[in-house]
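One structure is given below, encoded as structure tokens.
Atom set for the values below is all heavy atoms of this structure, side chains included, hydrogens, waters and symmetry mates excluded. Chain naming here is simple, since letters A, B, ... match the order of the sequence lines and numbering starts at 1 in each. Because the structure is predicted, anything quoted here is derived from the model rather than measured.
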Protein chains: 2
Amino acid sequence: MEPLDTALYDRPSVTVDVVVLTLRGGCLEVLLVRRKEHPFLNYWSLPGGFIWKGESLDEAAARVLRHKAGLEAEAGRTRRPGGHPIYLEQLYTFGSPNRDPRARVISVAYYALVEQSHVREISEESGLFRLLLKDEENVAEIYDAKGKKYSLAFDHAEILAVAVRRIRGKLSYTPIGFELLPERFTLRELQAVHEAILQKKLNKASFRRKMLASGLLQPTGEFERGTGFRPAELYRFRREA
Amino acid sequence: MEPLDTALYDRPSVTVDVVVLTLRGGCLEVLLVRRKEHPFLNYWSLPGGFIWKGESLDEAAARVLRHKAGLEAEAGRTRRPGGHPIYLEQLYTFGSPNRDPRARVISVAYYALVEQSHVREISEESGLFRLLLKDEENVAEIYDAKGKKYSLAFDHAEILAVAVRRIRGKLSYTPIGFELLPERFTLRELQAVHEAILQKKLNKASFRRKMLASGLLQPTGEFERGTGFRPAELYRFRREA
DNA sequence: GCAATAGTGTCTATGAGACAGTATAGC
DNA sequence: GCTATACTGTCTCATAGACACTATTGC
């Protein structure tokens, strides 16, 4: 077997960028990190990194999640601190020839769904930003808590747009809203997650019926406490199904 | 701006592989090419190629479609010989560290939907093969016209499995079946496409209602000829919608 | 009792499947 | 007339939205 002649072709660098999504205050938010290098010095950007030798794409994404987002992970099986895995899925691969001004860099984008309490608080180097995607737009908009708008490094605003569209589409046939909630949650909380992602109000009775009929929710027999009104039952996601 | 230090990281080669799907004899088929090099010498494989400098991933996929599958294309806008574009979409990126025994090769897979008459006839170097994906399997099976089964090069049987699952999912919320048919077609032909992809019989009246209600079909006022039974009206896909 | 939300029941509209019935081509 | 398929009408069933009604908590 002769060695592969790679000199004839472009030899791009390949990175993995991870869109870490969470829910806070009824809004979809994304974890961004501040760049410490040129180009786009001091711009906010998606956490990412180059692929290492001997590492699969999934493993690289889990490593980025662990090192850059502080989310515990095992090789290939990223886990929440609590124990069960963080939702992590490949999104799309971005490879416009000039998306990085330094060199040819192809980015395999992933997205992760994380419960808000597991994400580090905002700091100088990283933070959660509100994520807004208008219909018909192909770039997402990013705001901090004060409502200030930011431009992102590279084509990361486009990657975010693809991520939001993907999760909206996915939600319409899969109830992945769980992944943004603690292990036990009420149906009201789950409905709020769906409403925040889909950006529209849902019918309460219908939402309950559909969720319970799916067989994916397991009632725990326990209830909320100290709500000031009738407490709702807590459910758990049946991951085996 | 300092140059990117790429020596610290793995520098994989990046290829594009295209799953060209078509419909023949009521079955989903895929275009494969025979390898002329090691590894997997003489094995059938997906048409593919390395990414060139200055070329986007979409453009690379269109080029592979044009050169290796003989399907006319313009930069970024692959077109059928007749005039309207061939459906071409990014599928998934495969990057297991040992998927190519020679070197680290990451493959960005695309899939294309093509009318059967536009695909070259079977030859020594390329041909159409019947494509079968069993439930719960993560590799597809490949058969020639005589029913002989083949093993594919690299992880291409896995790529095909992902492609079949993607098109099945897509069909349930988008009527991409057109893309496998000539410009004008009957509702019976369209239904046959859906049945072949989804691997199940559909209700005729219901299928008609749904398709006509979608507003995506334009009646031409013309009819089939020489069928031996009542001829059906020919429809056209309204691409502007 | 009041406020607020949990959880249920009922009506309606919509859309899919089943199936029968009429229409139209070649023979 | 016969056959095969096109195309339509109707019934039923499942599901979603609308909305009202009862239940349960803290105050």
Is it the case that the side chains of Y111(B) and E89(B) hold a donor-acceptor pair, with the cut-off being a distance below 3.5 Å and no angle test? yes
Under 4.0 Å from any atom of DNA chain D, heavy atoms only: list the residues of residues 224-234 of chain A that qualify, in numerical order. G228(A), F229(A), R230(A), P231(A)
Nucleotide dA6(C), atom C1' - distance to CZ of F223(A) in whole Å: 9 Å
Side chain to side chain contact (heavy atoms under 4.5 Å, CB included) with Y110(B): which of L65(B), L91(B), V64(B), L57(B)? L57(B)
Could you tell me whether E158(A) and R99(A) have a side-chain N and a carboxylate O separated by less than 4.0 Å? no
Tell me, do L46(B) and V18(B) make a side-chain contact under 4.5 Å, heavy atoms counted? no
Test item: L31(A) and V114(A) side chains (from C-beta on) under 4.5 Å apart, heavy atoms: no
Atom-to-atom span, NZ of K200(B) to C1' of dG17(C) - whole angstrom: 11 Å
Salt bridge check, R34(B) against E125(B): does any charged N sit closer than 4.0 Å to a carboxylate O? no
Is the closest basic N to carboxylate O distance between K134(B) and E141(B) below 4.0 Å? yes
Members of residues 187-198 of chain A that approach DNA chain C, where some heavy atom sits under 4.0 Å away: R188(A)
Does any N or O donor sit under 3.5 Å from an N or O acceptor when you compare the side chain of N203(B) with the base of dA16(C)? no
Tell me yes or no: between the side chains of D144(B) and Y150(B), is some donor less than 3.5 Å from an acceptor? yes
Expected output is a numbered-order residue list: members of residues 204-212 of chain B with a heavy atom under 4.0 Å from any atom of DNA chain D. What is it? K204(B), A205(B), R208(B), R209(B)
So does E222(A) pair up with R184(A), basic N to acidic O under 4.0 Å? yes
Between S96(B) and S56(A), do the side chains contain a donor N or O and an acceptor N or O under 3.5 Å apart? no
